[in-house]
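Structure record follows, encoded as structure tokens.
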There are 2 protein chains.
Amino acid sequence: MTLHKSTACDADHCPIRDVLGHIGDRWTVLVLKALEPGTLRFGEIRHVIEDVSQRMLAQTLRRLEQDGLVSRRVHPSIPPRVDYTLTDLGRSLMEPIGAMVDWAVTHHEDVRAARAAWVPPPSHTAL
Amino acid sequence: MTLHKSTACDADHCPIRDVLGHIGDRWTVLVLKALEPGTLRFGEIRHVIEDVSQRMLAQTLRRLEQDGLVSRRVHPSIPPRVDYTLTDLGRSLMEPIGAMVDWAVTHHEDVRAARAAWVPPPSHTAL
DNA sequence: CAGGATCCACCAGGATACTG
DNA sequence: CAGTATCCTGGTGGATCCTG
């Protein structure tokens, strides 16, 4: 069981956890957004994101390709050239992601304000 | 640096990572969705989600409260009664989250199909 | 240039026990 | 009932080195 019953998620094949687990990890969304404007090479993505290690980038791209969200194309040249493009499925995902990002940008200040106003409950908070 | 320049995220205060980091963790979305229909007590949330430990639930609720997404109300009774409700901010977040969940449900099969069709690239993939 | 392989540090998160 | 405190483990992700 991975999600409560009320959300049509009854066992191991839970779409929410499956997808959210991906978009939740450190790099997936950033990579997706990097590719949104158009095709990029491996190195170009690294340049755009800057603080991603090649290990994590390669790993993230692999999974995105595996999930059919990104297509990978190898040009048999020396030095090698590999570029990545969003698939239709990938592009369709950008909408909900965009909504999330928009929310984040719009309400970030509210969240930060709420955090600033935070007072830790004394455990035995009464009334 | 947490996100690439092209997304108006220039240093430590990156809304995307800040918010996505939250929704990405194991329980936040589930708790949020649990509270969507209405106010619930601590134990009720546990009952709904089932496989969350009280530690993780308490922790998740704390952060949600801290971020102003959930309000916590303590009734000074014995046994103690504490209930949680989405704030307006929290409710406003449910839209983008709903969009993500909808996408997940709709395209989950595509993703699973893509995974099934997966062939690992031979490293020295040439053409 | 694109990435695989390896080693390692950190922490999210589970189990358990205790408290108001 | 609604937590907090402590201990412990597995996986995520960073650094580094190596290859086609």
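Hydrogens, waters and symmetry mates play no part in the numbers below; they use all other heavy atoms, side chains included. Each chain gets a letter, A, B and so on, in the order its sequence line appears, and its residues count up from 1.
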Just N and O in the side chain of Arg81(A): are any of them under 4.0 Å from OP1 or OP2 of dA2(C)? no
Asp83(A) CG to dC1(C) P, in whole Å, measures 15 Å
Taken to the nearest whole Å, CG/Leu61(B) to P/dT4(D) is 10 Å
query: Checking Thr87(B) side chain against Leu69(B) main chain: does a donor-acceptor pair fall under 3.5 Å?
result: yes
In 5'-to-3' order, the base (B), backbone-only (S) or no-contact (-) status of each nucleotide in nucleotides 12-18 of chain C, using a 4.0 angstrom heavy-atom cut-off, is -BBBBB-
Exercise. Is the distance from OP1 or OP2 of dG3(D) to the nearest side-chain N or O of Arg46(B) less than 4.0 Å?
Worked result: no
note: Phe42(B), atom CZ; dA2(D), atom C1'; distance rounded to Å ~ 6 Å
Between CZ of Arg72(B) and P of dC1(D) the distance, given in whole Å, is 16 Å
Discussion item. When you compare the side chain of Leu35(A) with that of Ile45(A), does any pair of heavy atoms fall below 4.5 Å?
Written reply: yes
Handout entry: Sidechain-backbone polar pair: Arg91(A) side chain, Leu86(A) backbone, donor-acceptor under 3.5 Å
Key = yes
The nucleotide from dG3(C), dG20(D), dC1(D) with an atom nearest the side chain of Pro80(B) is dC1(D)
Q. For Arg63(B), does its backbone N or O pair with a side-chain atom of Gln66(B) as donor and acceptor, under 3.5 Å?
A. no
Tyr84(A) OH to dC1(C) P, in whole Å, measures 15 Å
Rounded to the nearest 0.5 Å, the CG atom of Asp51(A) sits from the CD1 atom of Ile49(A) at a distance of 8.0 Å
In whole angstroms, the gap separating P of dG3(C) from NE2 of His75(A) amounts to 11 Å
Rounded to whole Å, the CD1-C1' distance (Ile45(B) to dC1(D)) equals 13 Å
Counting only N and O atoms by type, is there a donor-acceptor contact under 3.5 Å from the side chain of Thr28(A) to the main-chain atoms of His22(A)? yes
Rounded to whole Å, CG of Leu40(B) lies from P of dA2(D) at a distance of 11 Å
Exercise. Counting distance only, does the side-chain N/O of Ser53(A) pair as donor-acceptor with the main-chain N or O of Met56(A) below 3.5 Å?
Worked result: yes
